[in-house]
Amino acid sequence: MAVTQNRVPLTGLARKLVNDGLLDDQSAARAFQTALSSKIPFVKYLIDNKLADARIVAQAASQEFGVPLVDIEALEIEPDIVKLVSEDLIQRHHALPIFKRGNRVFIAVSDPTNLQALDEIKFHIGANTEAVLVEENKLAKAIEKALAAADNSLGDMEESDFENLDDLEVGSQQETAQESSDIDDAPVVRFVNKVLLDAIKRGASDLHFEPYEKFYRVRLRIDGMLAEIAKPPIALAGKLAARIKVMSRLDVSERRVPQDGRIKLKLSKTKAIDFRVSTCPTLYGEKVVMRILDSDAAKLNIDQLGYEEFQKELFLKNLRKPYGMFLVTGPTGSGKTVSLYTGINILNQEDINISTAEDPIEINLPGVNQVQVDERTGMTFPKALKAFLRQDPDIILVGEIRDLETASIAVKAAQTGHMVMSTLHTNDGPQTLTRLQDMGIPPFAVATTINLITAQRLARRLHPDFRVPVDLPPEGLRAEGFTEEDVRDGIKLFGPGNGGAECPSGYKGRVGIYQVMPITDGMKRLIIEGANAVQLADQAAIEGVWDIRKSGLQKAKRGLTSLAEINRVTVE
């Protein structure tokens with residue numbers, strides 16, 4: 001006998017959406033129950049799982065309940081207003097204070113029937129509250145941005161704290177101990193140090209310090225996505241840039257040309273973090289971008305990178321070949337360096353001589369001879385490669401093949417009994433083969449020297465504790481590229497849930513998506529015959545090579561990431 005589940009009766013906005021024909025009764029009940037059991041706001045669940053359009057839901061709620069609809073993206077939300085309400089309340093009720101008029105605080109919500117949120121906030125802040133309606137997708141972004149800005153703002157530092165500061169200058173040997181102490185105590189110094197430490201704690205990969213005409217902002221790139229964390233006064237633009245340049249030993253007086261430097265931030269006696277610093281003059285001042293160089297990334301085990309089992313076997317088989325080329329390709333920020341360093345770590349043995357030419361050297365590898373490429377001193381990739389060939393190498397790593405001269409020397413090294421590893425900025429394996437030919441490498445040389453090409457992307461990984469199921473009809477699954485077998489088996493997809501303060505985005509970390517393409521005899525024949533990238537891709541598919549899209553769908557199928565993430569980093 002079938003057991004009938006108790007169904008929570010639909011009320012409030014859920015009933016309104018059903019009455020307006022925006023949701024059928026069964027879908028609304030299922031969504032309402034799932035959101036309730038997962039402790040996720042009903043509207044957030046609808047929008048995250050693409051069961052309804054955020055704009056239409058907001059308009060329907062506004063008309064039904066008489067709550068004004070506000071475009072939150074047009075508002076400048078002050079951190080002090082956000083701090084009126086605890087982060088726990090904001091996350092739990094998905095409600096954000098956005099401005100104050102007299103003794104009345106206006107709270108942005110996506111579901112105006114959530115009266116409990118308004119009552120709790122009213123009790124918490126000791127002031128009257130009034131709801132304004134905001135589209136759910138815009139509210140989620142505003143909450144994440146506002147909480148980050150409030151957490152990383154200058155706090156009790158006022159603009160007046162900086163008025164008496166002189167422009168920072170490069171420290172010299174004549175600088176007195178008292179002057180050094182004064183600089184170290186400066187609010188600008190404390191702010192920069194705080195931002196750097198926060199970036200490390202939050203697992204950021206890059207920091208952006210950006211001056212504009214009327215404002216200045218600081219952004220972090222976390223799991224591949226940029227997010228604003230602070231807006232210091234625009235008057236500090238020059239001082240912030242100068243402080244960072246002092247830390248990275250750059251010329252503070254030179255503001256007209258780009259500069260590159262490094263910072264080593266000591267966290268303890270045994271732990272230090274390196275930052276790669278790049279400055280660039282813009283219309284309203286110098287923009288500074290800092291890349292956080294994590295030495296632990298070089299110690300990754302290949303099992304942590306996300307290769308499918310058969311892809312990992314191909315990777316390791318071709319990595320251990322005595323000669324030929326091993327290429328990793330993908331856009332900037334796709335994890336190419338980590339993949340190469342993982343391979344180098346596997347090969348880094350006492351009986352193997354490994355030399356690398358990199359621009360810049362991101363991670364120090366004990367036991368590996370690393371050369372910093374610097375065009376200004378004449379140490380170019382071709383010059384480094386020529387030097388390596390006279391130093392009895394077994395393995396040569398070229399940070400990037402950028403031109404014909406570098407490519408030609410790398411190919412010749414691979415033809416003369418050396419393993420050459422390198423990267424290119426192409427989208428996939430077949431395009432890498434045609435790109436080398438476009439550079440001027442003969443098809444025969446391409447076919448006979450390349451052993452394996454790995455193309456890759458990085459997608460944000462779903463937090464396993466906060467992911468929520470996503471329903472997609474069979475026609476939707478087919479349109480996304482899933483096979484008939486997948487549709488027949490009833491695959492289960494997941495999306496990001498609200499993890500509160502612990503994980504506001506629902507994502508934590510990243511997972512690699514790969515195309516691992518060996519150069520087989522069939523591929524070699526096509527290359528020599530002058531086949532284009534489409535023909536090479538068709539041959540790779542016949543040989544069972546997964547393209548980036550197929551690999552990504554497998555990650556979504558296994559619940560490691562969401563379909564939305566796969567669509568963001570791959571082409572349908």
Side-chain angles (χ1 to χ4, degrees), residues 11-17 32 35-36 38-48 52-153 155 227-231 496-506:
T11 58
L13 185 57
R15 174 51 57 192
K16 164 67 177 172
L17 295 176
F32 193 81
L36 194 65
S38 303
K39 298 181 180 179
I40 299 171
F42 173 63
V43 176
K44 177 173 173 57
Y45 181 84
L46 289 181
I47 306 308
D48 286 350
D53 180 78
R55 182 71 181 170
I56 294 175
V57 170
Q59 288 174 338
S62 179
Q63 293 170 2
E64 174 71 11
F65 302 105
V67 179
L69 182 60
V70 174
D71 182 6
I72 199 168
E73 293 180 336
L75 299 177
E76 188 72 28
I77 303 172
E78 295 295 331
D80 289 344
I81 297 296
V82 177
K83 288 179 179 178
L84 291 174
V85 180
S86 70
E87 182 175 338
D88 177 65
L89 277 180
I90 291 174
Q91 295 282 16
R92 181 149 44 90
H93 292 303
H94 210 56
L96 180 69
I98 54 175
F99 58 87
K100 186 177 182 181
R101 295 291 181 270
N103 193 38
R104 187 176 298 273
V105 178
F106 289 80
I107 309 296
V109 296
S110 57
D111 183 353
T113 63
N114 187 3
L115 301 179
Q116 182 186 356
L118 297 176
D119 289 340
E120 267 198 67
I121 292 173
K122 178 180 179 179
F123 177 79
H124 179 76
I125 64 178
N128 292 326
T129 58
E130 186 169 325
V132 293
L133 202 58
V134 174
E135 295 168 45
E136 165 55 35
N137 53 345
K138 293 182 179 180
L139 178 59
K141 291 179 183 177
I143 289 175
E144 185 174 354
K145 179 179 175 181
L147 290 178
D151 181 56
N152 290 280
S153 66
E228 183 180 293
I229 62 161
K231 294 187 75 171
N498 183 7
E502 181 181 347
C503 184
S505 68

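Remark: Ala142 pairs with Ile72, Leu96 by the side-chain contact (heavy atoms from CB on, under 4.5 Å) rule, at least two apart or across chains. Under the rule for a side chain to side chain donor-acceptor pair (under 3.5 Å), the partners of Glu135 that lie at least two apart in sequence or sit in another chain are Arg55. For Ala95, the side-chain contact (heavy atoms from CB on, under 4.5 Å) criterion is met by His93, Ile107, Val109, Ile121, not counting sequence neighbours.
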Test Ile98 against Ile81 for side-chain contact (heavy atoms from CB on, under 4.5 Å), laying out the working first.
CA-CA 6 Å; Ile98 54 175; Ile81 297 296; 5.7 Å; no

Report the C-alpha distance between Ile143 and His94 in whole Å, list the side-chain angles of each, state the deciding distance to 0.1 Å, and finish with yes or no for side-chain contact (heavy atoms from CB on, under 4.5 Å).
CA-CA 8 Å; Ile143 289 175; His94 210 56; 3.7 Å; yes

Evaluate the salt bridge (Lys or Arg N to Asp or Glu O under 4.0 Å) criterion for residues Glu73 and Lys141: first the C-alpha distance (whole Å), next the side-chain angles of each, then the deciding distance (0.1 Å), finally the verdict.
CA-CA 9 Å; Glu73 293 180 336; Lys141 291 179 183 177; 5.3 Å; no

Take Ile47 and Val43, measure what side-chain contact (heavy atoms from CB on, under 4.5 Å) needs, and give me the verdict at the end.
CA-CA 6 Å; Ile47 306 308; Val43 176; 4.2 Å; yes

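Distance check, rounded to the nearest 0.5 Å: CG of Leu46 to OG of Ser110 gives 9.5 Å. Between the CD atom of Gln91 and the SG atom of Cys503 there is a distance of 10.0 Å, given to the nearest 0.5 Å.
Judged as a salt bridge (charged side-chain N to carboxylate O under 4.0 Å, His left out), not a single pair has a partner in residues 105-115 (not counting sequence neighbours). Listed by first then second residue, pairs satisfying ring pair (Phe, Tyr, Trp, His ring centres under 6.0 Å) with a partner in residues 95-119 read Phe99-Phe106, not counting sequence neighbours. The salt bridge (charged side-chain N to carboxylate O under 4.0 Å, His left out) analysis of residues 94-103, with sequence neighbours excluded, yields no pairs.
Nearest heavy-atom pair, Pro496 versus Gly506, reported as atom, atom and distance to 0.1 Å: CB-CA, 3.9 Å. Looking at every heavy atom in both residues, Leu69 comes nearest to Ala58 through CD1-CB, 3.7 Å. Here the shortest heavy-atom pairing between Leu89 and Val85 reads CB-CG1, 3.7 Å. The minimum heavy-atom distance between Ala54 and Asn137, with the atom names listed, is CB-OD1, 3.4 Å. Leu17 and Ala60 get closest at one heavy-atom pair: CD2-CB, 4.4 Å.
More than 12 non-hydrogen atoms from other residues, nucleotides or ligands lie less than 6.0 angstrom from NZ of Lys138.
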List the atom pairs, with distances to 0.1 Å, where a side-chain N or O of residues 125-134 and a protein N or O form a donor-acceptor pair under 3.5 Å, not counting sequence neighbours.
residue, atom, partner, partner atom, Å
Thr129, OG1, Leu118, O, 3.4
Glu130, OE1, Arg104, NH1, 3.4

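No side-chain heavy atom of Ile90 sits under 4.5 Å from any side-chain heavy atom of Glu87.
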